[in-house]
Student: 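Right, I'll just put the structure down here and ask away after.
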2 protein chains.
Amino acid sequence: MKQSIICPQFEKAISLLSQRWTALIINQILSGPHRFCTLQSSIGISGKVLSERLKDLEQKGIIKREVIPETPVIIEYSLTEKGYSLEPVLKEIENWSQSWVEIGSEET
Amino acid sequence: MKQSIICPQFEKAISLLSQRWTALIINQILSGPHRFCTLQSSIGISGKVLSERLKDLEQKGIIKREVIPETPVIIEYSLTEKGYSLEPVLKEIENWSQSWVEIGSEET
DNA sequence: AAAGTAAGTTACATAAAGTAAGTAATGGGA
DNA sequence: TCCCATTACTTACTTTATGTAACTTACTTT
């Protein structure tokens, strides 16, 4: 059924970025390492899905999870080289959104 | 609950591209106008979801639907200027996928 | 000691996608 | 002409993904 006439790498990339929240999470971490709770509140995702996505992204080598044994233990998520390399993609999306997406109304 | 600290246009763009199949559909039509059935078989999407997406993308001004009254009527979907302007985004994803996505195994 | 925060997990509810069969319009062949 | 095929969808039903909210564990502050 799934006959990919399309390039498999491209399809994989698309399926990664098409997962809800994934691009937003990466975009957020692009601005520096983040903790679970700050990601949660800054992008408005539920803890359940955030933890699923973080595990998935870690396993795909896009982010890394670091346990920092400070006073109360801090868990920091940051991008790997592979993760940072998605910056141009996110930037292009941002460019496009500035030129073509209307502000204000809900529908376009 | 959804407090967007993030730029609303960017969020809209992301939510568009994060919808399953949307990027793949746009990518396919980038190579020229397509009919319903060719889209369906080339990207392996169900008719139900394809018709939902096409309506949605048309309504968002990204694609246009044309009825061509040839011998048997042909319905052609093509990109609008707004749709074409997503090409750099798709190209960046393709570049990234070539550099960072492994071929072969299912997991990375 | 009680309450709070961080980082999750679990159980249950709803929404989105997949599957498969059905429909309407046209066209071709026996 | 009747029957089957194709295109472009729609409808009904199932499965998967998300959302919501409460709960846990470890540690800290009051």
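The chains referred to below are lettered A, B, ... by the order of the sequence lines, with proteins before strands, and numbering in each begins at 1.
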Student: Could you tell me how far apart A:Ile45 (CD1) and C:dT9 (P) are, to the nearest whole angstrom?
Tutor: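 In whole Å, C:dT9 P lies 13 Å from A:Ile45 CD1.
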
Student: Please report, rounded to the nearest Å, how far the C1' atom of D:dC9 is from the CG atom of B:Leu50.
Tutor: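 Rounded to whole Å, this separation is 10 Å.
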
Student: On DNA chain C, nearest-nucleotide positions of A:Val73 versus A:Glu52: which is more 5'?
Tutor: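 Result of the comparison: A:Val73.
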
Student: Rounded to whole Å, how long is the line connecting atom CD of B:Gln40 with atom C1' of D:dT6?
Tutor: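 So the CD-C1' distance, B:Gln40 to D:dT6, works out to 12 Å.
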
Student: Among D:dC9, C:dT19, C:dA7, which is the nearest nucleotide to the side chain of B:Ser46?
Tutor: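 My answer, after comparing the listed nucleotides, is C:dT19.
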
Student: In whole angstrom, what separates A:Ile43's CD1 from D:dG19's P?
Tutor: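 That distance rounds to 10 Å.
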
Student: Using whole Å, report how far NE2 of A:His34 lies from C1' of C:dA7.
Tutor: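 Value for this atom pair: 16 Å.
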
Student: Under 4.0 Å: is that the gap between some side-chain N or O of B:Ser51 and OP1 or OP2 of D:dT10?
Tutor: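 So the side-chain polar atoms of B:Ser51 do come within 4.0 Å of the phosphate oxygens OP1 or OP2 of D:dT10, strictly under.
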
Student: Is there a donor-acceptor pair under 3.5 Å between the side chain of B:Lys64 and the backbone N or O of B:Glu58?
Tutor: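 Pair absent, no side-chain N/O of B:Lys64 close to backbone of B:Glu58.
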
Student: Are A:Lys55 and C:dT9 close enough that a side-chain N or O sits under 4.0 Å from OP1 or OP2?
Tutor: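 Checking C:dT9 against A:Lys55, a side-chain N or O does come within under 4.0 Å of OP1 or OP2.
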
Student: For the side chain of A:Ile75, starting at C-beta, report the closest nucleotide among D:dT18, C:dG8, D:dT28.
Tutor: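 Comparing D:dT18, C:dG8, D:dT28 against the side chain of A:Ile75, the answer is C:dG8.
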
Student: Taking all non-hydrogen atoms of both residues into account, name the closest pair between B:Glu11 and A:Leu24 and its distance.
Tutor: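 Looking at all heavy atoms of both residues, the shortest contact is OE1-CD2, 4.2 Å.
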
Student: Is there side-chain contact between A:Ile74 and A:Arg35, with at least one heavy-atom pair below 4.5 Å?
Tutor: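 A:Ile74 reaches A:Arg35 side chain to side chain.
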
Student: What's the CD1-P distance between A:Ile74 and C:dT5, to the nearest Å?
Tutor: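 After rounding, the gap between these two atoms is 16 Å.
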
Student: Does the side chain of B:Tyr77 get closer than 4.0 angstrom to OP1 or OP2 of D:dC9 through an N or O atom?
Tutor: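 Indeed, a polar side-chain atom of B:Tyr77 lies that close.
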
Student: Any strand counts, and the cut-off is 3.5 Å on both contacts for Watson-Crick or G-U wobble. Which nucleotide pairs with D:dA17?
Tutor: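 Partner of D:dA17: C:dT14.
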
Student: For D:dT29, give its Watson-Crick or G-U wobble partner with both distances under 3.5 Å, or none.
Tutor: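 Partner of D:dT29: C:dA2.
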
Student: Under a 3.5 Å distance rule, please check whether B:Thr22 uses its side chain to pair with a backbone N or O of B:Ser18 as donor and acceptor.
Tutor: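 Checking the backbone N and O of B:Ser18 against the side chain of B:Thr22, no donor-acceptor pair under 3.5 Å is found.
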
Student: Distance check needed: C:dG8 P versus A:Leu39 CG, whole Å only.
Tutor: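 One finds 11 Å between P of C:dG8 and CG of A:Leu39, rounded.
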
Student: Pick the nucleotide of DNA chain D nearest each of A:Pro72 and A:Ser18; which residue has the one closer to the 5' end?
Tutor: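 Upstream on the strand: A:Ser18.
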
Student: What about A:Lys48, does its side chain sit under 3.5 Å from the base of C:dG8 through a donor-acceptor pair?
Tutor: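 A donor-acceptor contact between them is absent.
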
Student: Compare side-chain N and O positions of A:Trp21 against OP1 and OP2 of D:dA17 and report whether any pair is under 4.0 Å apart.
Tutor: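 Result: no.
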
Student: Return the nearest nucleotide to the side chain of B:Arg35; candidates are C:dG8, C:dA7, D:dA8.
Tutor: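 Of C:dG8, C:dA7, D:dA8, D:dA8 is nearest to the side chain of B:Arg35.
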
Student: How about CD on B:Glu66, more than 12 heavy atoms from neighbouring residues, nucleotides or ligands closer than 6.0 Å, or not?
Tutor: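 Yes, CD of B:Glu66 has more than 12 neighbouring heavy atoms, counting only those of other groups under 6.0 Å.
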
Student: Which heavy-atom pair separates A:Lys60 from A:Lys82 by the least distance, and what is that distance?
Tutor: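 Looking at all heavy atoms of both residues, the closest pair is O-NZ, 3.0 Å.
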
Student: For D:dT16, does either OP1 or OP2 sit under 4.0 Å from a side-chain N or O belonging to B:Arg20?
Tutor: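 Negative; the distance criterion is not met.
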
Student: In whole Å, I'd like the distance from the CZ atom of B:Phe36 to the C1' atom of D:dA8.
Tutor: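 Going from B:Phe36 (CZ) to D:dA8 (C1'), I get 6 Å.
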
Student: Below 4.0 angstrom from OP1 or OP2 of C:dG8, is there any side-chain N or O of A:Arg65?
Tutor: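 Yes, because at least one side-chain N or O of A:Arg65 sits under 4.0 Å from OP1 or OP2 of C:dG8.
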
